[in-house]
Each structure stands twice: as C-alpha cells, then as structure tokens.
Protein chains: 2
Amino acid sequence: MLPEPTVERLSRYRRILRDLHGSGKTSVFSHELAEMAHSNAAQVRRDVMLIGHSGSPAKGYEVTALRTAIGDVLDDPALSRSVVIGLGNLGQAVVGYFGDHHSRFTISAAFDVDPLKIGRENFGVPTFGMEKLEELISAQNIRIAILAIPKPVAQEIVNRLCAAGITGIVNFVQIPLRVPPGVFVELVDIAATWEKVAYFSRRRQG
Amino acid sequence: MLPEPTVERLSRYRRILRDLHGSGKTSVFSHELAEMAHSNAAQVRRDVMLIGHSGSPAKGYEVTALRTAIGDVLDDPALSRSVVIGLGNLGQAVVGYFGDHHSRFTISAAFDVDPLKIGRENFGVPTFGMEKLEELISAQNIRIAILAIPKPVAQEIVNRLCAAGITGIVNFVQIPLRVPPGVFVELVDIAATWEKVAYFSRRRQG
DNA sequence: AAGTGTGAACCCCTTCACAGCA
DNA sequence: TGCTGTGAAGGGGTTCACACTT
C-alpha cells in the first residue's frame with residue numbers, strides 16, 4: 001500500500017503527464033516533472049519506484065508509459081462512479097466540476113431533499129430524493145460518496161450510506177463523522193484550509 | 001512556528017469547542033476532544049502544549065479558555081478578509097458558504113469576467129470586473145485570495161495578485177502556480193482527493 | 001483513580017548521495 | 001556527462017510511558 005502523500009502526488013503527476021502528452025512531449029526527466037509538480041527530483045524518482053515503474057538515464061520517463069503505470073495503480077473501474085449527497089452550492093459546484101471536465105470520474109446521481117431539484121438534471125446528472133439512496137447505490141454498485149449536506153443530518157445519512165455499501169467518502173461537512181471500520185473518509189475542510197493559509201502567510205512575512 | 005498538521009487540528013478543535021460551548025459544556029478532557037476530532041488524547045495534549053496552553057488533571061481543559069488560546073494563535077484581524085477570484089460554480093459555492101455561516105472570515109469582494117455577474121451581489125458579496133483587482137486589494141489591504149478560475153488564466157491572475165500584495169492563496173485550480181517567495185499557496189484538489197479516497201477505500205477492503 | 005505535561009522512542013516520509021548506466 | 005535507481009541518513013510529526021497533580 002502506497003503512502004498517502006505518494007498517492008496524492010501520483011494523481012498530480014498524471015494530470016501533468018496528460019498535458020505533456022497533449023503538447024507532444026514524449027518523455028520527461030524527473031527534475032522536469034518535479035518542477036511542474038512543485039516537488040523535487042528525488043521525490044519523483046522515489047514515487048515512480050514505489051509503483052514499480054522505471055525510466056532511463058537517456059530519456060527519463062516515457063510520458064505514455066508512466067501515465068499507464070500510474071493508472072494501473074490508481075484506477076479501479078469499480079470505484080470510478082460516485083453519488084453526490086446534497087445539491088447546495090457546494091454539491092452543485094462538485095457536480096458542475098466533474099460534469100464539465102469529462103474525467104475518469106463519473107457522478108451517477110445526486111440526492112437532495114428539495115422537491116424543486118428532484119427529478120431534474122444538473123450538468124447531466126439526475127437528481128433523486130433521499131429515499132432512493134439505498135436503491136440506487138446498490139443497483140449501480142456505487143462505492144464512493146461525496147457528502148455536501150448540512151451538519152445536522154450528516155451523521156444519519158452517513159449511517160445509511162455505509163449500510164448501503166459505500167466504502168469511501170469525500171466529506172465537505174465540517175463535522176467528525178462516525179463510520180464503521182473499512183470505510184475511508186477524507187475531510188475537505190475549506191475553513192481549516194483558510195486558517196492554515198492565513199497562519200502560514202503571516203509567518204512567512206517574518 | 002507550528003507544524004502544519006497542528007494548525008489544521010487546532011482549527012478543528014476550535015470548531016468543536018464552539019459546539020461544546022453552545023451545548024453548555026464548560027470543560028473537556030483530552031480524550032473527549034480527541035474522539036470528537038478523530039485524533040487521540042496524546043496528540044491533543046501535544047497540540048495544546050505547543051500553543052502554550054494547559055489544563056488540569058481534574059477538569060481537563062476549560063472550553064472557553066482553550067478557544068481563546070487557539071484564537072490567539074490562529075487569528076489575525078489583518079488576515080480575516082479575502083477576495084474570491086472567479087464566480088463559477090466553485091467560486092459561488094465558496095461565497096455562499098462563507099456568506100451563510102457568518103464566520104470569522106469575510107469575503108470582501110468577488111471578481112469575474114462575466115458582465116452579467118459584475119455589479120451584482122452574491123450572498124452580500126459585491127462582484128467586480130477583473131480590472132478592479134489591484135485597486136480593491138490595496139484599498140482594503142487584502143492579503144488572502146481564493147482562486148477559482150479556469151486554468152489558462154490562472155498564472156496571469158496569480159502574478160497580479162502577488163504584485164498587488166496578496167500573501168496567501170487558497171488554490172482550487174488544478175495547476176502548479178508559480179509564486180514569489182513569501183507567498184503561501186494551499187492547493188485544494190478535489191480530483192486528487194477523490195482518487196485518494198478511491199485508492200484507500202479499495203485497499204481497506206483487503 | 002484518572003488525567004495532564006512532556007522527554008524520549010518510534011515511525012514514516014523525504015532527501016542525500018552515489019553506484020550504475022546510456 | 002547527466003540521469004536513473006536506491007540504500008542509507010535525516011527530519012519531523014506521532015505515540016509511548018510515566019512522573020506529577022488533584
């Protein structure tokens with residue numbers, strides 16, 4: 001199992017490799033990739049090593065081959081679909097984001113309590129009422145959920161998600177969620193990020 | 001200077017302390033706070049120690065006092081205002097988010113190129129055209145920017161922001177930004193987060 | 001008996017540094 | 001000469017463990 005930071009960097013490398021491929025570059029050196037990813041050459045080589053790929057001193061890494069190698073490690077078709085819970089500003093932003101970019105990821109459905117939203121499509125994503133949650137998740141074998149709902153109802157919904165077979169949650173709700181073992185939760189905390197930026201930008205000033 | 005993870009956790013602790021205060025609890029033990037923050041008691045005690053605060057074996061930490069202590073470390077009035085660049089889905093979500101919650105943070109203004117958006121208010125935040133960027137930032141002494149614009153124009157805007165005096169950027173754009181030394185950038189990468197959740201939720205399955 | 005404060009140990013990720021290779 | 005692959009060193013955050021306190 002790869003370290004978390006490595007998985008994050010691999011994701012970034014891949015995006016850069018995609019752009020490089022688009023611009024016709026066929027190979028990259030570790031120090032080039034490092035510069036573009038705000039990392040360093042040794043780190044890039046180590047990360048590549050960890051996924052069992054290798055390059056050559058003459059050419060560095062082949063863009064296409066490295067992309068494939070990263071994909072082999074990160075991608076799993078069974079985990080490429082997800083549901084978005086909550087179509088407030090944030091939920092809509094996420095749907096819009098992954099609706100626009102036609103990426104590797106698909107949002108199969110969105111859920112909300114607002115009758116005005118239910119039954120409609122947002123960026124091509126159908127919206128259902130909360131009562132359809134379990135049905136759709138199990139029918140489409142969804143394993144990833146993106147949570148963008150108000151605090152008070154979050155834990156209850158999480159319980160239902162986990163019971164329905166969700167194994168990974170991207171959590172935009174600023175509260176500690178209780179999940180059964182085996183479910184991976186990643187918190188995206190914009191307020192905390194803001195505070196961090198404020199703290200360190202102040203310090204940098206000296 | 002505190003470690004990054006500590007700053008993030010302090011931010012979370014504080015939010016929990018606010019809720020505790022609201023529910024009338026006047027003191028907490030490290031293990032209680034730890035459980036609520038998905039951390040552990042030793043970590044909480046270490047974090048508290050790092051900000052020079054202390055509790056007592058009998059009562060643990062006083063809720064109000066700890067909140068104040070965290071505030072003393074994290075808060076800086078000069079950094080409580082920010083601008084949002086780009087009012088697409090994500091930018092609107094951020095504005096809506098910090099418009100709704102009347103938090104410690106204020107969004108002084110938003111900027112966009114869309115004439116339909118300029119001159120209006122979103123959640124009480126006035127929107128300007130890009131040409132007003134420098135003027136408003138220096139007039140209000142803004143130091144934090146939240147970047148939610150399309151990739152192709154990101155670097156150019158970042159250059160202008162830094163020149164105008166911005167020292168911290170919350171970056172929702174999935175590209176490596178080049179900034180002068182002294183400017184702190186935190187990348188919020190939803191696609192990478194998704195990939196991380198997918199990777200580790202798969203692994204957890206065993 | 002139970003919790004805090006904290007030196008020290010631990011662990012894991014990062015970085016160094018250099019042999020090997022084109 | 002310049003880059004990769006990687007053992008080894010390094011560094012920094014986390015956890016342990018226990019003296020101290022109430």
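Owing to the predicted nature of the structure, the values given are computational and were not obtained by experimental measurement. Values below: all heavy atoms of this structure, side chains included; hydrogens, waters and symmetry mates excluded.
A salt bridge does not link Arg12(A) with Asp189(B): none of the charged nitrogens is closer than 4.0 Å to a carboxylate oxygen. Salt bridge present: Glu32(B) and Lys25(B) bring a charged side-chain N and a carboxylate O closer than 4.0 Å.
Residues satisfying the side-chain hydrogen bond (donor to acceptor under 3.5 Å, both in side chains) criterion with Ser11(A), sequence neighbours excluded, are Glu195(B). Taking the side-chain hydrogen bond (donor to acceptor under 3.5 Å, both in side chains) definition, one finds that Gln155(B) meets it with Asn159(B), sequence neighbours left out.
At least one side-chain heavy atom of Phe111(B) sits less than 4.5 Å from a side-chain heavy atom of Leu136(B).
Under the 3.5 Å distance criterion, the side-chain polar atoms of Arg81(A) are left unmatched by any main-chain donor or acceptor of Ala109(A). Using modelled atom types, no side-chain atom of His53(A) and backbone atom of Tyr61(A) make a donor-acceptor pair closer than 3.5 Å.
Atoms CD (Glu4(B)) and C1' (dC13(C)) sit 14 Å apart, rounded to a whole Å.
Interface residues of residues 5-19 of chain B facing DNA chain C, ordered by number: none; criterion, heavy-atom separation under 4.0 Å.
You can see that DNA chain D meets the heavy atoms of chain A within a 4.0 Å-exclusive cut from dG2(D) to dA8(D), reading 5' to 3'.
From Leu10(A), atom CG reaches atom OH of Tyr199(B) across 8.5 Å, with rounding to the nearest 0.5 Å. The distance from atom CG of Asp19(B) to atom CD1 of Ile175(A), rounded to the nearest 0.5 Å, is 9.0 Å. Rounding to the nearest 0.5 Å places CG of Asp47(A) at 8.5 Å from CD1 of Ile51(A). With rounding to the nearest 0.5 Å, the separation of CD1 in Ile149(B) from CG in Leu87(B) is 11.5 Å.
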Nucleotide N/O of nucleotides 3-6 of chain C paired with protein N/O under 3.5 Å:
| unit_1 | atom_1 | unit_2 | atom_2 | d |
| --- | --- | --- | --- | --- |
| dG3(C) | OP1 | His31(B) | NE2 | 3.3 |
| dG3(C) | O4' | Pro57(B) | O | 3.2 |
| dT4(C) | OP1 | Ser30(B) | N | 2.8 |
| dT4(C) | OP2 | Ser30(B) | OG | 2.5 |
| dG5(C) | OP1 | Gly55(B) | N | 2.6 |
| dG5(C) | OP1 | Gly55(B) | O | 3.4 |
| dG5(C) | OP2 | Tyr61(B) | OH | 2.9 |
| dG5(C) | N7 | Arg45(B) | NE | 2.9 |
| dG5(C) | O6 | Arg45(B) | NH2 | 3.0 |

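Side-chain contact annotation: Arg143(A) with Thr167(A), donor-acceptor N/O pair under 3.5 Å present.
Comparing the local axis fitted to the first five base pairs of the helix from dA1(C)-dT22(D) to dA22(C)-dT1(D) with the one fitted to its last five gives a bend of 0°, rounded to 10°.
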